[in-house]
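Contents: one structure, followed by commentary.
Just so it is clear: chains get the letters A, B, ... in the order the sequence lines come, proteins before strands, and each one is counted from 1. Small disclaimer: the values here were computed from a predicted structure and weren't measured.
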Protein chains: 2
Amino acid sequence: MTASDKSSAGSSTTRRMLLDATVAIMLEDGYAGATSRRVAARAGVKPALVHYYFPNMDELYLAVFREGAQANLDRQAEALESAQPLRALWEEASEPRGARLLLEFMALANHRKAIRAEIALWAERWRGVQITALDRILREHGTAGEWSTPEVVSVLMACVGRMLVLEDTLGISTGHDELRTLIKHFVDDVELS
Amino acid sequence: MTASDKSSAGSSTTRRMLLDATVAIMLEDGYAGATSRRVAARAGVKPALVHYYFPNMDELYLAVFREGAQANLDRQAEALESAQPLRALWEEASEPRGARLLLEFMALANHRKAIRAEIALWAERWRGVQITALDRILREHGTAGEWSTPEVVSVLMACVGRMLVLEDTLGISTGHDELRTLIKHFVDDVELS
DNA sequence: GTCTATACTTCGATAGAC
DNA sequence: GTCTATCGAAGTATAGAC
């Protein structure tokens, strides 16, 4: 949260490659595989350079998360301006890459306490924006049930979208088609009226 | 899946302590913290003994998972015999310890391929049993909506229950009360009729 | 069964040349 | 900025005494 802005000043492309390498490794092998040595190798530089751009591994992980979180907020803002914002929100929640990365950061937050606060901060901000938007969306169109409040719809989409992706990754599929079909119907029910 | 039954024969209490220590560390610091040295220290033995009971760390993790998975299946069977099976299923899905452990194993599955198949096997079996039971429960009582099929209710409870716990752990709470209240109403609506 | 001792690998991080 | 070289710590795993 503090004293790490120094490393975000550089305009170098090496920093960019280090961030990309970290994401790629986290997705392929999990956060435990994103070591300074492997990140450096993937970026095509020597390990010592990682510590030049990021004083320690926590700062690297935080930088990766912050960048992804901001991109997520941007995509959400974009989704809310589309013709079918509810559908766009659902598709964003079901985006595999983001869901898998978030899983890694949630696990990482278990023993990197600095990560935890950052995730919570992002999640609350992200959800706040979404609920505000949903309040308008659900009000404008006819809501498909007395239970469909902005809060409920927001949390439901986030939980279900991401967890289905994670189950898919593991090879679990029972019931997925039924639930996805139901949600699509709900979305169209609200939005195409 | 094969050639590991040898290690499950021992009746020793040391093996028991190693398994418990592994779970405790995974919950406190994440799977990456459950190293052979730390597990041994926590169990009060020397590191070499870990490899006596478990030829490698994968076997230890698998043993921990299999034991937890079986306990989970047992608790589910017990839940299904209670007066309010639907409520019992929801409470089991919301159980913090299980949800947090599953998160660790999902992350672990990302780079320990042997874990992945084991999780999928357990999840499909677990979900199959639950769907069969829900089919009866939802049929006996009045279902609270045309969307409440056994498959949908099963996947929804699993996704939402666990993800809410994970968000709680991170310090995310927006919308949780609303959703939990809604689900309790649904459960009672179905079950107290 | 449990230990000591150890081999070998990989980790994060730093110092200092270029 | 990027490198070489290196430190100390921690990891998995094995051999062999008790």
Can you tell me the distance, in whole Å, between the [atom1] atom of [X] and the [atom2] atom of [N]?
{"X": "B:L18", "N": "C:dT2", "atom1": "CG", "atom2": "P", "answer": "9 Å"}
{"X": "B:N56", "N": "D:dG11", "atom1": "CG", "atom2": "C1'", "answer": "14 Å"}
{"X": "B:K46", "N": "D:dA10", "atom1": "NZ", "atom2": "P", "answer": "15 Å"}
{"X": "B:Y61", "N": "D:dG11", "atom1": "OH", "atom2": "C1'", "answer": "10 Å"}
{"X": "B:Y52", "N": "D:dC18", "atom1": "OH", "atom2": "C1'", "answer": "14 Å"}

Side-chain N or O of [X] less than 4.0 angstrom from OP1 or OP2 on [N]?
{"X": "B:T14", "N": "C:dT2", "answer": "yes"}
{"X": "B:T35", "N": "D:dA10", "answer": "no"}
{"X": "A:S36", "N": "C:dG12", "answer": "yes"}

Can you identify which nucleotide, out of [options], has its nearest atom closest to the [X] side chain?
{"X": "B:Y53", "options": "C:dG1, D:dA10, D:dT6", "answer": "C:dG1"}
{"X": "B:A48", "options": "D:dA10, D:dT4, C:dT4", "answer": "C:dT4"}
{"X": "B:L49", "options": "D:dT14, C:dC3, D:dT2", "answer": "C:dC3"}

Notebook entry, point to check: Parallel, tilted or perpendicular: which fits the ring planes of B:W147 and A:W147, with parallel below 30° and perpendicular above 60°?
Noted result: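 Answer is tilted, since the angle falls between 30° and 60°.
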Check: Which word best sums up how the rings of A:Y31 and A:H111 line up, parallel for under 30°, tilted for 30 to 60°, or perpendicular for over 60°?
Finding: tilted
Item checked: Worked verdict on A:D74 versus A:Q70 for side-chain hydrogen bond (donor to acceptor under 3.5 Å, both in side chains) -> CA-CA 6 Å; A:D74 293 344; A:Q70 185 56 51; 3.0 Å; yes
Check: NA contact type, B:V45, heavy-atom cut-off 4.0 Å: base, sugar-phosphate, or nothing?
Finding: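 Contact class for B:V45: sugar-phosphate only.
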Checklist line | B:S82 side chain vs B:E78 backbone, donor-acceptor pair below 3.5 Å | finding: no
